[in-house]
Amino acid sequence: MTAWIMLAGLAVEALLGWPDALDRRIGHPVRWFGRLVERAEHLGNREAWSKPARGAMGGLVTLFLVALAGLIGLAIQLVLPNDWVGSVLMALLASSLIAARSLHDHVADVSSAFEGAGIDAARCTLSRIVGRETAELDEAAIARAAIESLAENTSDGVTAPLFWGALLGLPGLFAYKAINTLDSMIGHRNSRYEAFGKIAARLDDLANLIPARLTGTLFTLCAGSGRAMKVMFRDARKHRSPNAGWPESAMAGALAIRLSGPRAYGAATSEEPWLNAEAGDPDAADIRRALALYQRVVVAAALLLAALGWAHLP
């Protein structure tokens, strides 16, 4: 049943997204949780404490918030009626924690900015979805950043929520989104978060271990490219992330472009290795090609959920 519910949730989100009117009225569940994380971090991450103490407190905060999210999901699942009404309500709840449409729209906005207003508008639009410095990026660097964001977040925002929701229902979905949100907020390698967010970062690595590899495989299969599969298995482990390299290298191989490489974060430069280094740089048109491949991957994920649902029918 959970596979059908996640399929319905994916369909709702892909068709409607999170409506602006609803967002203005009540906000978004991930931002609700984000405010809770901010409050917990403010209270528990004290500069005067030693690194071990901050690490221990960060671990306790992470485990508590993940458990809380999972228990809320379980409570909702138990309270809702075990009929079509309950299934519809669970699908609607699940849709709020899937990002298929919103991810597509954010990356498509970068492409549209290129096409409509030029490179300065594309830089500005890109800055809303990536953490790196965008002010001096040329066309190739902007395209790389947008395509990398699309590839990585296909796993974080689509495949992984569907995976954990289909496997464990609302408790799994809620717990995963809690882990992913914690990692995005406190899982950074800097003086403020390195100790406090270490458990959150490692937990996110673990939660995305299977979904990231599944996402990379879907990219290669939907591209119909043996080259993409070869690049993925050769280059995925070069990435600094144990997971992001799989969908990113698969995307690089599928589009015959190179991704990753050096990039700036504020005043610091991160010397990242190239993925599919022998290929050329992407351009603005490659963002549209990446989005077309992404759409096929979302359809493939939906078909997988349907197959799981049929396999578990009595």
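Heavy-atom minimum distance, Ser249 versus Val231: O-CG1, 3.4 Å. Shown here for Lys238 and Trp274, the closest heavy-atom pair between the two residues is CD-O, 4.1 Å. The minimum heavy-atom distance linking Asp281 with Arg258 is given by the pair OD1-NE, 2.8 Å. Contact record, Ala40 with Leu65: CB-CD1, 4.4 Å, taken as the closest heavy-atom pair. Between Ile287 and Ala146, the closest heavy-atom pair is CD1-CB, 4.1 Å. Nearest heavy-atom pair across Ala200 and Thr62 is CB-OG1, 3.7 Å.
Judged by distance alone, the side chain of Glu248 and the main-chain N or O of Leu259 form no donor-acceptor pair under 3.5 Å. Distance alone, capped at 3.5 Å, is enough to place a donor-acceptor pair between the Arg213 side chain and the Leu209 backbone. Judged by distance alone, the side chain of Asn276 and the main-chain N or O of Ala252 form a donor-acceptor pair under 3.5 Å. Within the 3.5 Å criterion, the main-chain N or O of Tyr193 finds a donor-acceptor partner in the side chain of Asn190. Side-chain N or O atoms of Arg123 include none that pairs as donor or acceptor with a backbone N or O of Glu136 at under 3.5 Å. Checking side-chain atoms of Thr2 against main-chain N and O of Ala166 turns up a donor-acceptor pair under 3.5 Å. Under a 3.5 Å cut-off, the side chain of Asp83 and the backbone N or O of Gly86 do form a donor-acceptor pair. For the pair Arg237 (side chain) and Arg234 (backbone), a donor-acceptor distance under 3.5 Å is absent. Panel note: side chain Thr181, backbone Ala178; no donor-acceptor pair is recorded below 3.5 Å. The main-chain N or O of Ala100 is never found under 3.5 Å from a side-chain atom of His104 such that the two would form a donor-acceptor pair.
Within the 4.5 Å cutoff, side-chain heavy atoms of Ser96 are placed close to those of Trp18. Annotation: side chain of Leu10 is in contact with side chain of Leu162 (closest heavy-atom distance under 4.5 Å). In this structure, Leu103 and Tyr294 have side chains that are in contact, with non-hydrogen atoms separated by less than 4.5 Å. The side-chain heavy atoms of Ser87 and Trp4, taken from C-beta on, include no pair separated by under 4.5 Å. Between Asp183 and Leu203, the closest side-chain pair of non-hydrogen atoms is not below 4.5 Å. Side-chain atoms of Asp138 and Ile142, non-hydrogen and from C-beta on, never get closer than 4.5 Å to each other. The closest side-chain heavy-atom distance from Glu152 to Asp156 is below 4.5 Å. Met251 places none of its side-chain heavy atoms less than 4.5 Å from the side chain of Leu275.
Note on Leu206: it does not cluster hydrophobically with Val66, by side-chain heavy-atom contacts below 4.5 Å among ILVMFWY residues. Clustering ILVMFWY residues whenever any of their side-chain heavy atoms sit less than 4.5 angstrom apart, transitively, puts Trp49 in the very cluster that holds Val61. Cluster annotation: Trp84 is connected to Ile5 through the hydrophobic network of ILVMFWY side chains, with a link wherever side-chain heavy atoms come within less than 4.5 Å.
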Note to self: Please determine whether side chain to side chain contact (heavy atoms under 4.5 Å, CB included) holds for the pair Tyr176 and Leu168, giving the CA-CA distance in whole Å, both sets of side-chain angles, and the decisive distance to 0.1 Å.
What the structure shows: CA-CA 10 Å; Tyr176 172 75; Leu168 298 174; over 6 Å; no
Next item on the list: Under the side chain to side chain contact (heavy atoms under 4.5 Å, CB included) rule, what do Ile179 and Asn208 come out as? Steps first, then yes or no, please.
Entry: CA-CA 10 Å; Ile179 292 168; Asn208 283 294; 6.0 Å; no
Checklist line | CA sep, side-chain torsions, deciding dist, call: His28, Leu22, side chain to side chain contact (heavy atoms under 4.5 Å, CB included) | finding: CA-CA 8 Å; His28 191 279; Leu22 191 60; over 6 Å; no
Note to self: Could you walk me through whether Ser112 and Arg288 satisfy the side chain to side chain donor-acceptor pair (under 3.5 Å) test, starting with their C-alpha distance in whole Å, then the side-chain angles of each, then the deciding distance to 0.1 Å, before giving a yes or no?
What the structure shows: CA-CA 9 Å; Ser112 297; Arg288 290 292 180 190; 3.1 Å; yes
Check: Does the pair Met232 and Trp246 meet the rule for a side chain to side chain contact (heavy atoms under 4.5 Å, CB included), with working shown?
Finding: CA-CA 6 Å; Met232 180 178 73; Trp246 292 85; 3.7 Å; yes
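Judged purely by distance below 3.5 Å, without hydrogens or angles, the side chains of Ser149 and Arg144 never pair a donor atom with an acceptor atom. With 3.5 Å as the limit, one finds a donor-acceptor pair spanning the side chains of Asp204 and Asn180. When only modelled atom types and interatomic distance are considered, Arg54 and Asn45 share a side-chain donor-acceptor pair under 3.5 Å.
More than 12 heavy atoms of other residues, nucleotides or ligands shown are found within 6.0 angstrom of CH2 on Trp32. Other residues, nucleotides and ligands contribute more than 12 heavy atoms inside 6.0 Å of the CG atom of Leu80.
One distance of note links CD1 of Ile26 with CZ of Arg31; it measures 9.5 Å at 0.5 Å rounding.
For Phe174 and Trp164, the gap between ring centers reaches or exceeds 6.0 Å.
Salt-bridge formation is not detected for the pair Arg128/Asp109: no Lys NZ or Arg NE/NH1/NH2 atom is positioned less than 4.0 Å from an Asp or Glu carboxylate oxygen. Ion pairing between a basic and an acidic side chain is recognised when a charged N comes within 4.0 Å of a carboxylate O; Arg192 and Glu41 show such pairing.
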